[in-house]
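Sequential numbering from 1 along the given sequence is applied to the chain's residues.
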Amino acid sequence: MPNYKLTYFNMRGRAEIIRYIFAYLDIKYEDYRIEPADWPDIKSTLPFGKIPILEVDGLTLHQSLAIARYLTKNTDLAGKTELEQCQVDAIVDTLDDFMSHFPWAEEKQDVKDKIFNKLLTHDAPILLQDLDTYLGGKEWFVGNSPELPFCSCIKEQGNLGRFLLGYLQYHAFGFKT
């Protein structure tokens, strides 16, 4: 088993998908969390100056979804066939497209609140309708077992995250909330 070291801020954010995958797959890893005050010194030492990163036996991987795909590649979470893997990737990328609209870096609270409100009242219902349409009458998004989209969405915080989490917990893993 490789030695894993995950580096990210002391928060959930983009590393949470990776932490959930480690937990679900029962893989041991070092969860190295940095404080914002230490970030300027660390940033210049990292690939592309971004986190999360995952060190695998000394090799540094970057980009949360690439890391998630690496960890799930030989598991049922990634899909059982190449076609299922493509379907899983499409759902994960769809969720990531949506999450990329979140105004995490916005400093003005009133602007941030306005953007979140639009996401919750306009964009999220459209996304959920699209996910329902894609799901159809099936119990799972892909195949007949849990898959990566659950982990992709579970990482998000707040009411929208809890709402999407409930939806995806049921349809991606069959968990009841």
Side-chain angles (χ1 to χ4, degrees), residues 1-34 42-43 45-102 104 127-128 130-136 138-157 160-161 164-177:
M1 179 71 69
N3 289 317
Y4 296 109
K5 179 181 177 182
L6 176 64
T7 301
Y8 194 66
F9 295 113
N10 190 18
M11 62 177 61
R12 290 185 279 185
R14 289 210 167 260
E16 201 66 3
I17 182 175
I18 300 162
R19 293 183 188 117
Y20 277 102
I21 291 167
F22 278 134
Y24 182 80
L25 297 175
D26 197 27
I27 297 173
K28 302 276 188 252
Y29 71 103
E30 179 184 349
D31 190 6
Y32 181 70
R33 298 184 184 221
I34 63 172
I42 296 170
K43 183 176 181 171
T45 68
L46 302 174
F48 302 95
K50 296 186 179 207
I51 51 178
I53 61 165
L54 180 67
E55 294 174 56
V56 182
D57 291 334
L59 177 67
T60 301
L61 305 175
H62 68 285
Q63 288 291 345
S64 59
L65 293 181
I67 294 167
R69 286 178 174 119
Y70 160 74
L71 292 171
T72 60
K73 189 164 188 67
N74 296 312
T75 72
D76 287 349
L77 285 176
K80 293 177 181 155
T81 67
E82 288 180 359
L83 283 174
E84 284 187 2
Q85 290 168 2
C86 184
Q87 290 176 295
V88 168
D89 284 347
I91 294 290
V92 169
D93 290 346
T94 297
L95 294 171
D96 190 58
D97 286 348
F98 176 73
M99 299 303 178
S100 71
H101 294 288
F102 283 32
W104 302 121
L127 172 65
L128 289 171
D130 288 347
L131 290 170
D132 267 340
T133 299
Y134 185 85
L135 187 63
K138 302 177 296 188
E139 185 176 2
W140 308 101
F141 281 111
V142 177
N144 58 6
S145 63
E147 67 264 338
L148 185 58
F150 165 79
C151 298
S152 181
C153 193
I154 195 172
K155 69 182 174 111
E156 297 307 330
Q157 305 171 29
L160 177 60
L164 288 172
L165 169 60
Y167 180 89
L168 289 175
Q169 278 180 325
Y170 183 77
H171 292 296
F173 271 130
F175 294 158
K176 310 298 189 256
T177 54

Working to the nearest 0.5 Å, report the span between CD1 of Ile34 and CD1 of Ile51.
4.0 Å
Tyr32 side-chain N/O to Lys5 backbone N/O, donor-acceptor pair under 3.5 Å:
no
To the nearest 0.5 Å, tell me how far Ser64 OG sits from Ile53 CD1.
13.0 Å
Rounded to the nearest 0.5 Å, what's the gap from NZ on Lys43 to NZ on Lys50? Could you check?
8.0 Å
Just verifying a value: how many Å separate Met99 CE and Leu127 CG, rounded to the nearest 0.5 Å?
7.5 Å
Rounded to the nearest 0.5 Å, what's the gap from CD on Glu55 to OH on Tyr4? Could you check?
13.0 Å
Heavy atoms only: give me the nearest Ala68-Ile21 pair and the separation to one decimal.
CB-CD1, 3.5 Å
Between Asp130 and Tyr134, is there a side-chain heavy-atom distance shorter than 4.5 Å?
no
Would you say CD1 of Ile27 has more than 12 non-hydrogen atoms from neighbouring residues, nucleotides or ligands within 6.0 angstrom?
yes
All pairs passing ring-ring contact (aromatic ring centres under 6.0 Å, His included) where residues 69-93 contributes a residue, at least two apart:
none
When rounded to the nearest 0.5 angstrom, what distance separates CG in Leu54 from CG in Leu61?
5.5 Å
Heavy-atom check, side chain of Leu65 versus side chain of Asp93, under 4.5 Å:
yes
Exceeds 12 heavy-atom contacts within 6.0 angstrom, atom CD of Glu30:
yes
Flag the pair Ile91 / Gln87 as yes when at least one side-chain heavy-atom distance between them is below 4.5 Å, and no otherwise.
no
Please name the pair of heavy atoms, one in Lys73 and one in Gln85, separated by the smallest distance, quoted to 0.1 Å.
O-NE2, 4.1 Å
Smallest heavy-atom separation, Tyr8 atom then Pro52 atom, equals CD1-N, 3.5 Å
Check whether any side-chain N or O of Thr72 sits under 3.5 Å from a backbone N or O of Thr75 as a donor-acceptor pair, and report yes or no.
no
Hey, are the side chains of Leu131 and Leu95 touching, using non-hydrogen atoms and a 4.5 Å cut-off?
yes
Taking the side chain from Asp57 and the backbone from Asn3, do they hold a donor-acceptor pair closer than 3.5 Å?
yes
Pairwise side-chain contact, Leu46 with His62, heavy-atom cut-off 4.5 Å (strictly under):
no
